[in-house]
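If you read the sequence from its start, that first residue is 1, and numbering goes on from there.
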Amino acid sequence: MTAYDAIVLAGGAAKRLDGADKPGIRVGGRALLDRVLTACSDASATVVVGGRRPTVRPVVWTCEEPRGGGPLAALDAGVRRTTADRLLVLSADLPFLGPGTVAALLSAVPEGRREGPRNGSRDGQGGEPGEGALCVDPQGREQPLVAVYRAEPLRRELALIAAEHGGLSGLPLRLLTEGLDLARVTAGPLASFDCDTWEDIAVARARIREHGAVLDEWMTAVKNELGIELDVDNAMLLDLARDAAHGVARPAAPLTTFLVGYAAAKAAGEGGDGATAVAEAARKAAALALRWADENETR
């Protein structure tokens with residue numbers, strides 16, 4: 001298991017969204033916050049900085065004091081609730097963030113502690129190598145809220161910034177990244193796409209419904225809604241539905257896939273592996289559909 005804690009910043013006034021509850025806005029049937037939490041589901045602990053709400057998985061809640069202090073103050077509040085050496089830091093408005101981007105950031109910051117800077121001060125040159133890694137979008141823009149930081153240097157810089165400025169409220173994130181030695185990880189075109197405006201929300205919703213992605217998005221949304229943690233072969237199930245529709249009758253397709261799911265659940269309840277049970281049940285049902293079709297052709 002990869003050891004890291006996750007911090008998700010889910011506060012802010014969302015002024016460009018007319019003050020809407022941004023983390024709760026749904027894209028592809030799922031709240032933005034839930035989409036981010038799914039991308040980092042293997043974190044040892046997850047701290048969400050913001051107002052409490054129902055979430056797709058258990059998290060630790062906290063808030064900056066006073067509220068509305070901005071990203072640095074929120075980050076500091078989140079860091080105080082973590083214990084891991086590596087901290088994944090994310091904003092709550094990343095509809096396309098996936099486990100692959102999280103894994104790439106973690107790979108750029110190998111496990112194991114590093115000592116802080118030798119001079120003990122912020123000189124604009126950064127600290128020791130390997131203090132973290134942040135995402136860079138295709139336009140070359142750095143994303144400090146799609147990043148992994150080593151806990152010790154991060155705590156050090158936050159403390160130094162607070163001492164220099166008399167606090168963290170209202171300060172820009174660039175003050176933090178300027179004082180750290182960070183690797184840059186180039187992500188896919190949508191990995192760091194964030195939703196700051198209603199236009200961004202509309203773009204995200206439209207992209208999710210594009211033909212190449214809609215089935216995977218729909219299956220993920222259904223599994224999350226039903227509380228199912230299971231990797232299934234979508235193509236296999238589609239082939240089964242096609243065989244049942246063509247070899248038997250169109251209404252047989254949804255009924256057959258339902259029965260396959262029921263059989264798989266029954267097998268899993270008896271101690272079997274869920275994904276294996278789905279594959280075996282689908283194989284048997286597909287073979288039956290082909291035998292059924294063969295009988296019709298030989299009449």
Side-chain angles (χ1 to χ4, degrees), residues 5-43 45-82 87-99 101-102 135 137 143-147 169-170 173 187 190-210 213-214 216-229:
D5 288 349
I7 302 171
V8 182
L9 305 190
K15 292 180 180 179
R16 287 189 284 173
L17 284 166
D18 307 315
D21 174 26
K22 182 161 67 167
I25 293 175
R26 295 186 177 275
V27 173
R30 293 189 286 156
L32 284 171
L33 175 57
D34 282 346
R35 298 182 72 89
V36 173
L37 292 176
T38 299
C40 59
S41 60
D42 61 342
T46 300
V47 180
V48 177
V49 186
R52 290 175 179 265
R53 67 187 66 237
T55 51
V56 69
R57 63 182 180 83
V59 300
V60 176
W61 295 97
T62 192
C63 280
E64 73 275 21
E65 293 294 343
R67 294 197 180 194
L72 276 184
L75 177 56
D76 184 62
V79 169
R80 293 175 185 273
R81 302 298 299 272
T82 62
L87 303 178
L88 173 70
V89 175
L90 303 168
S91 60
D93 60 352
L94 302 164
F96 302 109
L97 180 72
T101 300
V102 171
C135 188
D137 69 19
Q143 305 292 330
L145 295 183
V146 189
S169 293
L173 279 167
L190 294 176
S192 60
F193 179 92
D194 56 355
C195 294
D196 291 324
T197 66
W198 287 116
E199 182 180 358
D200 293 336
I201 295 292
V203 168
R205 287 172 171 169
R207 283 187 175 275
I208 276 175
R209 285 166 173 75
E210 290 177 355
V214 66
D216 286 339
E217 286 287 346
W218 172 247
M219 291 295 284
T220 299
V222 172
K223 286 189 287 186
N224 286 344
E225 189 72 16
L226 300 180
I228 299 172
E229 294 184 9

Between Arg35 and Glu217, is a salt bridge (Lys or Arg N to Asp or Glu O under 4.0 Å) present by the stated rule, with each step listed?
CA-CA 11 Å; Arg35 298 182 72 89; Glu217 286 287 346; 2.7 Å; yes
Closest heavy-atom pair, Cys40 versus Leu88, reported as atoms and distance to 0.1 Å, is CB-CD2, 3.6 Å
Would you compute the distance between atom OG1 of Thr197 and atom CG of Leu17 and round it to the nearest 0.5 angstrom?
6.5 Å
What side-chain donor-acceptor pairs closer than 3.5 Å can you find for residues 62-71, not counting sequence neighbours?
unit_1	atom_1	unit_2	atom_2	d
Glu64	OE2	Gly68	N	3.0
Glu64	OE2	Gly69	N	3.4

Could you tell me which non-hydrogen atom of Ser192 sits nearest to which non-hydrogen atom of Leu94, and how far apart they are?
O-CD2, 3.8 Å
Minimal non-hydrogen separation, Asp200 against Cys195, with atom names:
CB-CA, 3.7 Å
CG of Asp216 to CD1 of Ile208: how many Å apart, nearest 0.5 Å?
11.5 Å
Minimum-distance pair of heavy atoms, taken over all atoms of Pro144 and Val89:
O-CG1, 4.3 Å
Kindly give the heavy-atom pair with the smallest separation between Ser91 and Asp93, and that separation in Å.
OG-OD1, 2.7 Å
Is any side-chain heavy atom of Arg30 closer than 4.5 Å to a side-chain heavy atom of Thr220?
yes
Run the salt-bridge test on Asp196 and Lys22 with the 4.0 Å N-O cut-off and return the result as yes or no.
yes
Could you tell me if the side chain of Val8 sits less than 4.5 Å from the side chain of Val47, heavy atoms only?
no
Do Ile201 and Leu32 have side-chain heavy atoms sitting under 4.5 Å apart?
yes
Side chains of Asp137 and Phe193: does their closest heavy-atom pair fall under 4.5 Å?
no
Value for CG (Leu9) from CG (Leu90), rounded to nearest 0.5 Å, stands at 8.5 Å
So how far is it from Ile25 CD1 to Leu33 CG, rounded to the nearest 0.5 Å?
12.0 Å
Between Val79 and Thr82 the two heavy atoms that sit nearest each other are O-OG1, 2.7 Å
List the atom pairs, donor and acceptor, that lie under 3.5 Å between side-chain atoms in residues 48-55 and the rest of the protein, sequence neighbours left out.
unit_1	atom_1	unit_2	atom_2	d
Arg53	NH1	Asp21	OD1	3.1
Arg53	NH1	Asp21	OD2	2.7
Arg53	NH2	Asp21	OD1	2.9
Thr55	OG1	Arg57	O	2.8

